[in-house]
Amino acid sequence: MRVGIGIDTHKLVSGSYLLLAGVRISSDKSIEAHSDGDIVFHSIADAIYGAVALGDIGQHFPDSDNSNKDIDSSIILTHSINSAKEKGFIINNIDIVILLQSPKLAKYNLDMIKNISRLLKCNTDCINIKATTGEGLGFIGKHEGVTCHSIVSLKSSHIE
């Protein structure tokens, strides 16, 4: 059994949607990022890399490499799980917390879970997503940014 933690934070700017776990969510804000800005996929990928001691996204997809500009974050997440599988690990479970003042995310949870499940090739009942606000405090509460925390546990793929 291995466990990893991933955290990603980005600035919010004027826009028309948020991209979270591959789901486009209507919003007057968008995530400013070098990639497509999907902080859910980023935090999960970092947690997976951490669980198998393979560093972080920046080592695999550096923002100093122009070929990573606007990269689809599903590529990053797929790379992380394939790296874990090469080391003999698969998903046991994932717990995700998204910190965002608005919009409310509950109605998008199932779609986000399905996208994560499809990319990581694990059951949807292994994935949990929670969202919370900043209660009007700090950069989250002031609609200036968004953060995602993920904890991933991996199990040996050799268990029968």
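Not a single donor-acceptor pair under 3.5 Å links the side chain of H149 to the backbone N or O of I7. Proximity of a side-chain donor or acceptor of N123 to a complementary backbone N or O of D125 within less than 3.5 Å is not detected. In this structure a side-chain-to-backbone donor-acceptor pair under 3.5 Å is missing from S153 to V3. The closest donor-acceptor contact from the side chain of S150 to the backbone of I96 lies at 3.5 Å or more, if one exists at all. A donor-acceptor contact shorter than 3.5 Å is absent between the side chain of D46 and the backbone of D56.
The line from CD1 of I71 to CG of D38 is 12.0 Å long, rounded to the nearest 0.5 Å. Here D28 contributes atom CG and L18 contributes atom CG; the two are 8.5 Å apart, rounded to the nearest 0.5 Å. Remark: K87 NZ to N82 CG distance equals 14.5 Å, nearest 0.5 Å. If you take CD1 on I94 and CD1 on I116, they are separated by 6.0 Å, rounding to the nearest 0.5 Å. In this structure, the separation between CG on L12 and OG on S102 is 9.0 Å, given to the nearest 0.5 Å. The CD1 atom of I48 sits 3.5 Å away from atom OG of S80, with the distance rounded to the nearest 0.5 Å.
Considering every non-hydrogen atom in both A45 and L77, the closest pair reads N-CD1, 3.8 Å. When all heavy atoms of D8 and S43 are compared, the closest pair comes out as N-CB, 4.1 Å. The two atoms that bring N68 and P62 nearest to each other are ND2-O, 2.9 Å, heavy atoms only. Minimum interatomic distance between G37 and S73 (heavy atoms only, all atoms of both residues): N-OG, 4.3 Å. Here the closest heavy-atom approach between residue R2 and residue V52 is recorded as NH1-CA, 3.6 Å. Closest approach of G4 to A51, counting heavy atoms only: N-CB, 3.7 Å.
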>> What verdict does the side chain to side chain contact (heavy atoms under 4.5 Å, CB included) test give for L20 and I39, after you've listed the backbone C-alpha separation in whole Å, the side-chain angles of each residue and the deciding distance to 0.1 Å?
In response: CA-CA 7 Å; L20 299 173; I39 65 165; 3.9 Å; yes
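Taking the six-membered ring where tryptophan is involved, the planes of H60 and H79 are tilted, since the angle between them lies from 30° to 60°.
At a threshold of 4.5 Å between non-hydrogen side-chain atoms, the residues L154 and N92 do not count as touching. Contact annotation: the side chain of L119 approaches that of F41 to within less than 4.5 Å [non-hydrogen atoms, C-beta and beyond]. Contact of the T124 side chain with the L110 side chain is not registered, since no non-hydrogen atoms from C-beta on lie closer than 4.5 Å. Contact annotation: the side chain of Q59 never approaches that of L54 to less than 4.5 Å [non-hydrogen atoms, C-beta and beyond]. Looking only at side-chain heavy atoms (C-beta outward), C122 and I90 stay at 4.5 Å or farther from each other.
Within 6.0 Å of atom NZ in K121, 12 or fewer heavy atoms from other residues, nucleotides or ligands are found, so the atom counts as exposed in its surroundings. The local environment of NZ in K69 is crowded, with over 12 non-hydrogen atoms from other residues, nucleotides or ligands closer than 6.0 Å. Applying the 6.0 Å contact sphere to NZ of K114 captures no more than 12 heavy atoms from other residues, nucleotides or ligands.
At a threshold of 4.5 Å between side-chain heavy atoms, the hydrophobic network of Ile, Leu, Val, Met, Phe, Trp and Tyr places V40 and I81 in one connected group. By the criterion of side-chain heavy atoms lying less than 4.5 angstrom apart, applied directly or through intervening Ile, Leu, Val, Met, Phe, Trp or Tyr residues, I25 is not grouped with L99; the two fall into different hydrophobic clusters. In this structure, I127 is a member of the same hydrophobic cluster as L105, with clusters built from ILVMFWY side-chain heavy atoms closer than 4.5 Å. Cluster membership for L100 and I129, using ILVMFWY side-chain heavy atoms within less than 4.5 angstrom, is shared. V152 and V97 sit in two unconnected hydrophobic clusters of ILVMFWY residues. Membership requires side-chain heavy atoms under 4.5 Å apart, directly or through other members.
Scanning for side-chain contact (heavy atoms from CB on, under 4.5 Å) contacts around R24 gives Y17, L19, with sequence neighbours left out. The ring pair (Phe, Tyr, Trp, His ring centres under 6.0 Å) check on H34 picks up nothing, with sequence neighbours excluded.
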Please tabulate, for side-chain N and O atoms in residues 132-140, each donor-acceptor pair with protein atoms closer than 3.5 Å (sequence neighbours left out).
{"residue": "T133", "atom": "OG1", "partner": "E135", "partner atom": "N", "Å": "3.1"}
{"residue": "T133", "atom": "OG1", "partner": "E135", "partner atom": "OE2", "Å": "3.4"}

